[in-house]
Amino acid sequence: MGFVFDVILQTGLLDYYGKVGDLTSAKRVFAEMPQRDVVANNAMISALGKHGFVEEAHNLFDGMPERNSCSWNSMITCYCRLGDIDSARLFFDRNPVKDVVSWNVMIDGYCKLGQLMNAEGLFVQMGSAKNCVTWNTMISGYVQYRDFRRAMYAFQQMQAQRVKPTEITMVSLLSACAHLGALDMGEWIHGYIRRNNFKIDVVLGNGLIDMYCKCGRVEAALDVFHGLPVKNIFCWNSIITGLGMHGYGKEAVDVFISMEKEGIKPDGVTFVGLLCGCGHSGLISIGRRYFSQMRGIYGVEPGIEHYGCMVDLLGRAGFLEEALELVRTMPMKPNSVVWGSLLRACQIHKDTKLSEHVTQQLLELDPHDGGNYVFLSNLYASLNRWDEVDMCRKLMIERGVRKTPGCSSIEVENIVHEFVVGDTSHPQFPQINAFLDRIAKELKVHGHEPDTASVLHDIEDEEKESAIRYHSERVAVAFGIMSTPPGKIIRVVKNLRTCSDCHSAMKLISKVTNIVFAVRLAYERLEASLENG
DNA sequence: ATAGGGTTAG
């Protein structure tokens, strides 16, 4: 009797050491055990696997007189953790006692490596054997690989199958909503969380804060933030970043100060949010001060992203020379983002000379980024330097560079519709097209002349005017006007920056129709908030 | 034994 008790006790100890990461002690306990049952062996396999000793785990596994599903699953987990998905699959296929965990681990292994097709294959094969972890794994896999619409769709199916979602499901979905700017869906999820008395912990709370911020509802984000009994650095960072993104730089600084008061140590992300917020609100000296205090007072080493924020902050404020000086003297090699910030500043302050220099730096740094060629080309076009415009086009063809296609999405009745430039596959495309034509005519009546200077936005297109008319955000906006009840804000998320022609056109549409648009850059700040023009 | 979060700038 005491013997069995000892085995259980020692296995417990072994498991504990494995979990806290003390492999040496785990090994010692294991070696000293007079008798090892399957549970003890499994605990050891799991501990070895966690530290990457998959060979040892494998040997132990091979020598086991008896194996259960847990033994097999531990081996699958070991190999997945190492990224050796083929070996994991071998164990999965040979496992005679596959259970739902075996499938879930395997699906997660594929998801983590971005092999979504393989993950989906198993997911489908499982049929009705899926549990809520299976669904959560697949949904989070879609979210991690930025296929947010599939994540939403999987959730609908999960509900149709009557599998109860959990807090974890909600976290993944909120992240999808944040990326898609799907406010209605995000609000619905918040409601669902409340109706089902889900516990809003730091992770779920942060999901809500981030979703509300990214969808432009900073007040709602603040409500969630203040309602959280426990906040961690993620929550603080999300709210500081969110406030700063939407022009509440002063408030972002205030939150930062209360964060300090509560004894939470800021990290690199906090400073990105804070400095960016200062930049967007023109808080130059405050931004400068925090940047200079980062290392000495807060113990956070400034990284390239912080220099990037400072270049942006100085450049926006018109201190172009100082910004350039910072780029030249920063301790690391400036990347395309840093040069890009400077370029944006040149554009705002109409410094074409510096603009040209910066764009050439960008072209050197990122010869395969089509956006750089387009920008330089547009710059030359605006200066009527057509030879150079031509040169840009030739260079692009020569180097085989293609422009990233514009893509806009809009949420209507909890469904996210996506429009890629030139893609006519949307079921309502003919109606949208006709509507766009009417808008175009209307725009002409109101004196809107298509701005052909920025036509090279679509460098590969022959028909200039129609190319502009079909930019994805316009299609999305048109669809939004057609299918949204009056009085509702039309929110569009786009992957590329809106061209000046679309921007002015949308301003005019907004003025004429009295509809408010918010076109946002994917994953970024509000690009243009057009409140009735 | 399996599933969850925040990062800026063209």
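Chain letters run A, B, ... following the sequence lines, proteins first, then strands; residues in each count from 1.
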Legend entry - Nearest-Å distance for atom pair CD1/P, residues I139(A) and dG5(B): 13 Å
Legend entry - Distance, rounded to the nearest Å, where K50(A) contributes NZ and dA1(B) contributes P: 9 Å
Legend entry - Sugar-phosphate, base or nothing in reach of N68(A), heavy atoms under 4.0 Å: nothing
Legend entry - Distance in angstrom units between H179(A) NE2 and dG5(B) C1', rounded: 10 Å
Legend entry - Length of the CH2-C1' vector between W103(A) and dA3(B), whole Å: 18 Å
Legend entry - Under 3.5 Å donor-acceptor pair, N136(A) side-chain atoms to dA3(B) base atoms: yes
Inset, instruction - Remember a base hit wins even if backbone is also touched, and classify V133(A) as base, sugar-phosphate or nothing at under 4.0 Å, heavy atoms. - result: base
Inset, instruction - Mind telling me whether F91(A) and Y79(A) have parallel, tilted or perpendicular rings, with 30° and 60° as the class edges? - result: parallel
Legend entry - Short side-chain N/O contact to dT2(B) OP1/OP2 from T137(A), under 4.0 Å: no
Legend entry - Atom pair distance, as rounded to whole Å: CD1 in I76(A) and P in dA3(B): 13 Å
Inset, instruction - Answer yes or no for K265(A) and Y298(A): cation-pi contact, defined as NZ/CZ to six-membered ring centre under 6.0 Å and angle to ring axis within 45°. - result: no
Legend entry - N or O in side chain of Q144(A) less than 4.0 angstrom from dG5(B) OP1/OP2: yes
Legend entry - K98(A) side chain near dA1(B) phosphate (N/O to OP1/OP2, under 4.0 Å): no
Inset, instruction - Quick one: label D99(A) by what it contacts on the DNA or RNA (base, sugar-phosphate, nothing), any heavy atom closer than 4.0 Å. - result: base
Inset, instruction - Give the ring-plane orientation class for W188(A) versus Y192(A), where under 30° counts as parallel, over 60° as perpendicular and anything between as tilted. - result: tilted
Legend entry - Separation of atom CD1 in I193(A) from atom P in dG5(B), rounded to whole Å: 14 Å
Inset, instruction - Specify the separation, in whole Å, of atom CG of N41(A) and atom C1' of dA1(B). - result: 15 Å
Inset, instruction - Please work out if V202(A) contacts a base, only the sugar-phosphate, or nothing of the nucleic acid, heavy-atom cut-off 4.0 Å. - result: base
Inset, instruction - With heavy atoms under 4.0 Å as the rule, sort D108(A) into base, sugar-phosphate or nothing. - result: sugar-phosphate
Inset, instruction - Step through it carefully: locate the ring centre of W72(A), locate the ring centre of F92(A), and say whether they are under 6.0 Å apart. - result: no
Inset, instruction - Using a 4.0 Å heavy-atom cut-off across all strands, classify N335(A) as base, sugar-phosphate, or nothing. - result: nothing
Legend entry - Rounded distance in Å - NZ (K231(A)) to P (dG5(B)): 22 Å
Inset, instruction - State whether the number of non-hydrogen atoms from other residues, nucleotides or ligands found under 6.0 Å of E321(A) atom CD is greater than 12. - result: no
Inset, instruction - For dT2(B), take OP1 and OP2 only and decide whether either is under 4.0 Å from a side-chain N or O of K130(A). - result: no
Inset, instruction - Just call it for S46(A): base, sugar-phosphate, or nothing, with non-hydrogen atoms closer than 4.0 Å on any strand. - result: nothing
Legend entry - side chain to side chain donor-acceptor pair (under 3.5 Å) between N206(A) and D201(A), intermediate numbers included: CA-CA 8 Å; N206(A) 182 55; D201(A) 66 358; over 6 Å; no
Inset, instruction - Have a look at N232(A) and say if it touches a base, only the backbone sugar-phosphate, or nothing, with a 4.0 Å heavy-atom cut-off. - result: base
Inset, instruction - Report the nucleotide, chosen from dG4(B), dA9(B), dA1(B), that has the shortest atom-to-atom distance to any side-chain atom of V171(A). - result: dG4(B)
